[in-house]
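I have placed the structure first, in the form of structure tokens, so that the comments after it can refer back to it.
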Amino acid sequence: MSEPASCAKSSPCLLIYFMLAISLGGFVYAALGWMGLQEAQIPKDWQETPGQILESHVEALTQTKANGTPIEMFQPHVRYRYEVDGRFLIGDQLSLHHPARTLRGVAETEIEDLPQGTNVTVHYNPAAPDQAVLRKADTIGPMQALSAGLVIALTTLSIAIVSMRRKKQKTS
């Protein structure tokens, strides 16, 4: 009969626990990404109406990092007109929770298909028609968190499992 593996005999056991902890953190990060993905999407009861772009450009703004150093960020900005129940409204949201971008090119890419005069579909809240967006979701950040979390979790979990099997084979 073989003896149960003991962590006291070797230090690789500590490494396995560390890998499992990292894997758990990866799954938590992926879950946060999934929750962010759900929050970033407009509710299913929002309705659509035609609209037209009045203005679009990228605004540069300076934000302060946690350590106090400034960082230049870029926010795509749009204004559009749309009609709900015979009333014309002006909107300026691309999507719910739309963050500023660190690269000007990314912000410009987000609005390159929205020059002045472009006809668009506007998604609006029927209970509060002044709440409107052009895009159903901004999934860049949440998808990055979801995919990175899963890669980290599954990679470290695989390494931990392989390490445990090798340790078990050595003790047999």
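Note that the structure is predicted; figures quoted are calculated from it, not measured.
- Under the 4.5 Å side-chain criterion, counting only non-hydrogen atoms from C-beta, Tyr80 is not in contact with Ile90.
- Taking each heavy atom of Asp130 and Leu89 in turn, the nearest pair found is N-CD1, 4.3 Å.
- Contact of the Ile71 side chain with the Thr62 side chain is not registered, since no non-hydrogen atoms from C-beta on lie closer than 4.5 Å.
- The pair Arg101-Glu110 meets the salt-bridge criterion, since a charged nitrogen lies less than 4.0 angstrom from a carboxylate oxygen.
- Here the closest heavy-atom approach between residue Phe88 and residue Glu83 is recorded as CZ-OE1, 3.7 Å.
- For Ala145 against Gly33, the heavy-atom pair with the smallest separation is CB-CA, 3.8 Å.
- Atom CD of residue Gln144 and atom OH of residue Tyr29 lie 7.5 Å apart, to the nearest 0.5 angstrom.
- In this structure, Val58 is a member of the same hydrophobic cluster as Ile53, with clusters built from ILVMFWY side-chain heavy atoms closer than 4.5 Å.
- Remark: side-chain polar atoms of Thr118 are not paired, donor with acceptor, to backbone N or O of Leu114 under 3.5 angstrom.
- Gln47 and Tyr124 share a donor-acceptor pair across their side chains, judged by distance under 3.5 Å alone.
- Within the structure, every pair that satisfies the side chain to side chain donor-acceptor pair (under 3.5 Å) test and touches residues 50-60, not counting sequence neighbours, is listed here: Gln52-Arg81, Glu55-His57, Glu55-Arg79, His57-Glu59.
- Pro126 and Asp45 make their closest contact through CG-O, 3.4 Å (heavy atoms, listed as atom of the first residue, atom of the second, distance).
- A donor-acceptor pair is defined here as one N or O able to donate and one able to accept, closer than 3.5 Å; no such pair exists between the side chain of Ser23 and the backbone of Met19.
- Distance check: Ile159 CD1 to Thr155 OG1 gives 6.5 Å after rounding to the nearest 0.5 Å.
- For the pair Gln75 (side chain) and Ala100 (backbone), a donor-acceptor distance under 3.5 Å is present.
- Panel note: side chain Thr69, backbone Lys65; no donor-acceptor pair is recorded below 3.5 Å.
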